[in-house]
Structure formats: structure tokens, C-alpha cells
Amino acid sequence: MKLQVNDAVCGYAGKKIISGISFSVSSGEILCLLGPNGVGKTTLFKSILGFLPLQGGSITADGESIGGWSRKKLAACIGYVPQSHVPPFPFTVLDVVLMGRTAHLGPFAAPSKHDEKTAEEALEMLDISFLRDCIYTEISGGERQMVLIARAIAQEPEILIMDEPTSNLDFGNQMRVLSRIKKLAESGLGILMTSHFPNHAFLCSSQVVLLGRNTFSAGKADDVVTEERLKEIYQIDVRIVETRLENNICIKSCVPLLSDLCTAAETKQKVRA
């Protein structure tokens, strides 16, 4: 499947937040959306998921506009993993993952044995079956994030939208989640994710959308994530460095120049004094 955003205009109550943005993500690809707070990343996601009406442009799936799709049809095609989620009741992990089967159930229908098997397979895919009977509210933040991904997998979508999937996770859990995301793409899922870390784009994404307040770029990470563009949208000096590993594998990473930030801050203080 190919999800295509064409010249989209997104916003609230007639106020434009994003204008003229275009990109696509297909099955087996990972597209990482980078940008500072407040530029409209979540607004864009809400528009794709049908929570907000488009103010212009179109969003299509395999050439068909999704604007008129029912909630059930949209949920069967596009899965969503929020930044965080704490249910009001102490559900077991399996129960939380089973909630992903809602799109496939009729009104007032209970999950079947097939639905339960699908949920358990989602847990197995992410190597978290040992959490099956644990209380969701009592497991760690990293484990909860993996459970939310399992819930979305149980939904059996073709495209998976992930809003900062590594938010509030420690370094180790961030890398574990990114590793699972890569495996999901290799299994055929198309993944659209946001991140606040440019390094994540280098580590796992096929494509990158770099969104600033007055700028927009899309393409491969090596072409889009540059020192000049990062400085423009984040307003800090950075360097892109390369690390060569065995078999001549090269990994790029983004390094902020904190010394420059400190110098700039000291200069501002002297001017104010």
C-alpha cells in the first residue's frame, strides 16, 4: 500500500498550521518526520487519521481518497501508536493488545479465539509474550510502549503511524524500540513516525520529512538531514559526523555544538548587563 499526502493544508477551525506539504510512504518503508515543537507534526497525524478535516490538498491510499472513509475502514488500513497511554482500569497486557481487534469486530461482538491468537502473535513478534498476564499500568514505560505497538500490530493495518514512539524512554529502550520498528518494516508494514532526534532518522528511516516553521524538505536522510537545514529549523549549530564500523559500514550521527550555545548565552547576558 502507498499512503500519499498531496499538497496538504492542515489546521484547526480555519487556522492553517501546515500548508503545502507532500510526501508518501509505502509498504516496507519507514518515513521519519522531524521538526521542532509547534510546527504541526501532531496536527498532520490527526488529519491523516481523520480527527481533523483537511483544509486543502488530499490524502490517498493506493490512489483512493481516505477523506470519506468510515472509522472502521480507516482503522483496518492505518494503525496508530500514541506517545503514551494509561487506561483508567488495570487491564492485563493481553486485554490491551486485544483492543486492537476492535476494527474487525461487529457491534457488541466479543473477541473470538482468532482475535486472541492474533493478539498473542503480536506479542510474540515483539518478543514480549512474557508480559501477557501482567497488569498494563504496573509495567515499565518501555514495556508499555512495546505493548502499544503490539496493539497496533494486532489491528493488522498496512500503514502504521507512530507519534514519538521513543518518547520518555531511556537510551537502551529507545534503541530496542527502533530495532523492532525496523523489523516491522521488513515484515511489510509501512511506517510513518515522528521523532525529536535526527539520529533516529539515520538509524532506521528510508525517507525523511524535515518540517520547520517556514520550510519543508523530503527525501533520503543523507540528502535531507544536513547541518544547514538542522540549524535553520532548530536554531542551533550542529555537526554531522560519520562513524565507520566493520565491513565498511558507515553510520551518521548529529552532534549539537553545546559550546557555541554556552558562548551565545554568555554574550546575551553581557549585553543585557
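Remark: I139 CD1 to M146 CE distance equals 10.5 Å, nearest 0.5 Å. Considering CD of E64 and OG of S58, their distance stands at 12.0 Å, rounded to 0.5 Å. One distance of note links CD1 of I233 with CG of L210; it measures 3.5 Å at 0.5 Å rounding. Rounding to the nearest 0.5 Å gives a distance of 3.5 Å between OG1 of T43 and OH of Y12. Between the CD1 atom of I153 and the OG atom of S187 there is a distance of 7.5 Å, given to the nearest 0.5 Å. Taken from CG in L184 to CD1 in I30, the straight-line distance is 8.0 Å, to the nearest 0.5 Å.
Taking each heavy atom of I18 and G40 in turn, the nearest pair found is CD1-O, 3.0 Å. For the pair A150 and V97, the tightest heavy-atom approach, listed with the atom from each and the gap, is O-CG1, 3.7 Å. Residue E29 comes nearest to S206 through the heavy atom pair CA-OG, 3.8 Å, listed as atom of the first residue, atom of the second, then distance. Here the shortest heavy-atom pairing between R180 and D127 reads NH2-OD2, 3.4 Å. Taking all atoms of both residues into account, the shortest heavy-atom contact from C77 to P157 is O-CB, 3.4 Å. Between V238 and P256, the closest heavy-atom pair is CG1-CA, 4.1 Å.
Hydrophobic clustering, with ILVMFWY side chains joined whenever heavy atoms are under 4.5 angstrom apart, groups V177 together with M125. Cluster membership for L74 and I159, using ILVMFWY side-chain heavy atoms within less than 4.5 angstrom, is shared. A continuous path of ILVMFWY side-chain contacts below 4.5 Å connects V5 to L31, so both sit in one hydrophobic cluster. Transitive grouping of hydrophobic side chains (ILVMFWY, heavy atoms separated by less than 4.5 Å) keeps V209 and V81 in distinct clusters. One hydrophobic cluster holds both V39 and F51 under the rule that ILVMFWY side chains link at heavy-atom gaps under 4.5 Å.
In this structure, the side chains of L160 and Y80 stay at 4.5 Å or more apart for every pair of heavy atoms. For the pair E232/T215, a side-chain contact is recorded, criterion being any heavy-atom separation below 4.5 Å from C-beta on. Contact of the S24 side chain with the L3 side chain is not registered, since no non-hydrogen atoms from C-beta on lie closer than 4.5 Å. Here the side chains of I181 and M162 are in contact, with some heavy-atom distance below 4.5 Å. S195 is listed as a side-chain neighbour of L34, based on a closest heavy-atom distance under 4.5 Å. Within the 4.5 Å cutoff, side-chain heavy atoms of F45 are placed close to those of L33. Residues L126 and I149 are in side-chain contact: their nearest non-hydrogen atoms beyond the backbone lie under 4.5 Å apart. Side-chain contact check for L131 versus T92: every heavy-atom pair is 4.5 Å or farther apart.
Heavy atoms from other residues, nucleotides or ligands lying under 6.0 Å from CZ of F171 number 12 at most. Dense packing is recorded around NZ of K252, with more than 12 heavy atoms of other residues, nucleotides or ligands lying under 6.0 Å away. Heavy atoms from other residues, nucleotides or ligands lying under 6.0 Å from NZ of K72 number more than 12.
Although no hydrogens or angles enter the test, the distance criterion places no donor-acceptor pair under 3.5 Å between the side chain of Y136 and the main chain of D95. With N199 contributing its side chain and C254 its backbone, the two residues share a donor-acceptor pair below 3.5 Å. Judged by distance alone, with hydrogens and angles left aside, the side-chain atoms of S27 form a donor-acceptor pair with the main-chain N or O of M1 at under 3.5 Å. A distance-only check finds no donor-acceptor pair linking the side chain of R151 to the backbone of R101 [under 3.5 Å]. With hydrogens and angles disregarded, a donor-acceptor distance shorter than 3.5 Å links the side chain of K41 to the backbone of P36.
Paired with Q145 under the rule side chain to side chain contact (heavy atoms under 4.5 Å, CB included), one option of L169, T166, N173 passes, and it is L169.
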Is there a side chain to side chain contact (heavy atoms under 4.5 Å, CB included) between F91 and T137? Walk through the geometry before answering. CA-CA 8 Å; F91 295 109; T137 53; over 6 Å; no
Test Q155 against H104 for side chain to side chain donor-acceptor pair (under 3.5 Å), laying out the working first. CA-CA 8 Å; Q155 191 174 321; H104 301 277; over 6 Å; no
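The salt bridge (Lys or Arg N to Asp or Glu O under 4.0 Å) search around E164 returns none, not counting sequence neighbours. A search for salt bridge (Lys or Arg N to Asp or Glu O under 4.0 Å) contacts involving R132 returns E116, E120, not counting sequence neighbours.
Using cut-offs of 30° and 60° on the angle between ring planes, the pair H200 and F197 is tilted.
Donor-acceptor pairing under 3.5 Å is recorded for the side chains of D163 and T194. S22 and D7 are not linked by any side-chain donor-acceptor pair at a separation below 3.5 angstrom, with hydrogens and angles left out of the test. D115 and S112 are linked by a side-chain donor-acceptor pair at a separation below 3.5 angstrom, with hydrogens and angles left out of the test.
Salt bridge present: K231 and D237 bring a charged side-chain N and a carboxylate O closer than 4.0 Å. No salt bridge links E138 with R144; every basic N to acidic carboxylate O contact stays at or beyond 4.0 Å.
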